[in-house]
Every structure is written in C-alpha cells, then in structure tokens.
Amino acid sequence: MLYGDFLKKSKQCPFCLPQERIIEKKFSFLTYALAPYHKDHLLVVPKRHTESFLDLRKKERDEMLDLVSLAVKILQSFGYKDCSILGRDGNNAGKSIKHFHFHIIPKVLLGDIDNYRKERKILSKQEIGKIIGKIKTVIKNKRL
C-alpha cells in the first residue's frame, strides 16, 4: 500500500492507535517508521497527542531526547556513521501526521527527504518483524 493511500484511509492519528513499540517509556516510545525513507528509519513519539514541539512538557521532551540518543546508538551499532534527526513543527513543515515526533534516519540528508521523488511504501509485517528483531537483539546484547 502506498503511504498516500494509507493516510487517506486513516481516520485517527496512527501514533494514538495501538502499535508495536520497540521501547516504551512513561511519556514516549521508540518505534519503526511504517513508511520509511530508509530501511532502518526509527521514530520517537510522545504518548500524549501534541502537534508541536513547544507543547511538549519538560518530562516528555527529556524522555524523548533520551530515546533519540538511544536510537542513534542503535543505528551506530548497525554500522551507520551518519544519521539525520528530524522533527517537523508547524503546519507548513511538510509533516503528514499532525502528532509531533522525531525521525532518526541513517544515511539520508535532510534535503533528500524533502526532495524524495518516489512515493514511500508501507512495510510488510515481515519487514517490520525483521527490523524490530534486529533492534531488540542490539538492545539486549549491547545494553545501550
């Protein structure tokens, strides 16, 4: 399914619906990107629905930044030397979901994201399982 079709069918915020969470904290969680820019594209999402970074409470923001740090370490353990950390804020920032979140994307320059020419595809359950298994193995073995 194409990402645009998925968004048209969505009647609720996808981050507010139940979904697999790789790591769940009190105020936020680490998960995979359902329509990734890169196969190891991760997301850090606050549990409370908020559209803006500035609406985050200090505890939410601090916890999210800890998860962003962990996500970068996970990607480094996969061998990536570079990643982009992106949080789109505002109505004209190019965000497709109005629930603030951070993207942690290896090997992609921010200009590449904004100029992405092909429409992204939704991952299959098998692809999702493979990514989550890989991340959980790293967390378990490396104690990040």
Side-chain angles (χ1 to χ4, degrees), residues 1-139 144:
M1 172 186 298
L2 294 176
Y3 186 55
D5 295 335
F6 170 79
L7 291 174
K8 286 176 192 171
K9 288 183 178 182
S10 297
K11 294 182 185 349
Q12 283 186 284
C13 170
F15 295 139
C16 293
L17 295 171
Q19 69 181 87
E20 186 152 357
R21 296 170 179 191
I22 299 164
I23 297 176
E24 186 164 2
K25 299 285 188 173
K26 185 173 183 178
F27 304 110
S28 59
F29 58 93
L30 172 70
T31 191
Y32 55 88
L34 189 58
Y37 289 109
H38 183 280
K39 68 181 180 79
D40 291 322
H41 179 166
L42 302 175
L43 302 172
V44 173
V45 184
K47 288 181 179 178
R48 184 174 62 89
H49 184 93
T50 181
E51 293 185 21
S52 174
F53 177 79
L54 296 177
D55 291 335
L56 292 169
R57 298 174 182 132
K58 182 175 180 355
K59 289 180 181 181
E60 291 169 320
R61 193 174 54 247
D62 291 348
E63 188 178 274
M64 287 180 72
L65 291 176
D66 287 345
L67 283 175
V68 168
S69 295
L70 179 60
V72 171
K73 290 176 185 175
I74 289 167
L75 294 176
Q76 286 176 344
S77 76
F78 292 168
Y80 299 113
K81 295 186 184 350
D82 304 300
C83 69
S84 292
I85 300 167
L86 170 67
R88 296 183 190 264
D89 204 326
N91 290 331
N92 295 316
K95 63 183 176 180
S96 54
I97 297 175
K98 294 184 182 274
H99 184 135
F100 182 81
H101 56 285
F102 286 110
H103 297 259
I104 304 89
I105 315 163
K107 295 183 70 167
V108 175
L109 300 174
L110 292 179
D112 294 343
I113 291 170
D114 293 329
N115 294 316
Y116 202 76
R117 297 286 182 232
K118 344 181 253 190
E119 187 164 9
R120 296 177 285 154
K121 293 182 180 176
I122 299 294
L123 293 174
S124 69
K125 287 186 184 256
Q126 182 181 11
E127 291 168 317
I128 291 167
K130 190 174 182 179
I131 291 166
I132 290 173
K134 186 170 146 181
I135 291 167
K136 287 184 176 182
T137 298
V138 167
I139 291 169
L144 300 175

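Below, each value reflects all heavy atoms present in this structure, side chains not excepted, and no hydrogens, waters or symmetry copies.
- Here CG of D40 is found 10.0 Å from NZ of K130. Values are rounded to the nearest 0.5 Å.
- Taken from CG in L70 to CD1 in I139, the straight-line distance is 5.5 Å, to the nearest 0.5 Å.
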side-chain contact (heavy atoms from CB on, under 4.5 Å) between L123 and I131, intermediate numbers included: CA-CA 10 Å; L123 293 174; I131 291 166; 3.8 Å; yes
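- Atoms CZ and CG, on F100 and D89 in that order, are 6.0 Å from each other to the nearest 0.5 Å.
- Residues passing the salt bridge (Lys or Arg N to Asp or Glu O under 4.0 Å) test with K81, sequence neighbours excluded: none.
- Between L34 and F6 the shortest side-chain heavy-atom distance falls below 4.5 Å.
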Derivation of the side-chain contact (heavy atoms from CB on, under 4.5 Å) call for K26 and K59: CA-CA 9 Å; K26 185 173 183 178; K59 289 180 181 181; 6.0 Å; no
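- Side-chain contact between P46 and E63: absent, with no pair of heavy atoms (C-beta onward) separated by less than 4.5 Å.
- V138 and F78 get closest at one heavy-atom pair: CG2-CE2, 3.2 Å.
- Closest approach of K121 and L2 over heavy atoms only: CG-CD2, 4.0 Å.
- Annotation: F27 is not in aromatic contact with F29 [ring centroid separation under 6.0 Å not met].
- D66 meets the salt bridge (Lys or Arg N to Asp or Glu O under 4.0 Å) test with no other residue; sequence neighbours excluded.
- By the 4.5 Å heavy-atom criterion applied to side chains, R61 and F53 are counted as neighbours.
- Results of the side-chain contact (heavy atoms from CB on, under 4.5 Å) test with V44 over I85, L65, I104 single out I104 as the only residue that passes.
- For residues 42-51, every residue pair satisfying the salt bridge (Lys or Arg N to Asp or Glu O under 4.0 Å) rule, not counting sequence neighbours, is listed here: E24-K47, R48-E60.
- Considering only heavy atoms from C-beta on, Y37 stays 4.5 Å or farther from S84 through its side chain.
- Rounding to the nearest 0.5 Å places CD1 of I122 at 10.5 Å from CD of E127.
- Residues satisfying the side-chain hydrogen bond (donor to acceptor under 3.5 Å, both in side chains) test with K25, not counting sequence neighbours, are none.
- With values rounded to the nearest 0.5 angstrom, I132 atom CD1 is found 9.5 Å from L30 atom CG.
- Taking the side-chain hydrogen bond (donor to acceptor under 3.5 Å, both in side chains) definition, one finds that H38 meets it with nothing, sequence neighbours left out.
- Residues satisfying the side-chain hydrogen bond (donor to acceptor under 3.5 Å, both in side chains) test with D82, not counting sequence neighbours, are none.
- By the 30° and 60° cut-offs, the orientation of the rings of H103 relative to H41 is tilted.
- Side-chain atoms of T31 come within 3.5 Å of backbone atoms of E20 as a donor-acceptor pair (strictly under, hydrogens ignored).
- Distance check: H99 NE2 to Q12 CD gives 12.5 Å after rounding to the nearest 0.5 Å.
- Between M64 and S28, the closest heavy-atom pair is CG-CB, 3.6 Å.
- Taking 4.5 Å as the limit, some side-chain heavy atom of L42 sits within range of a side-chain heavy atom of I135.
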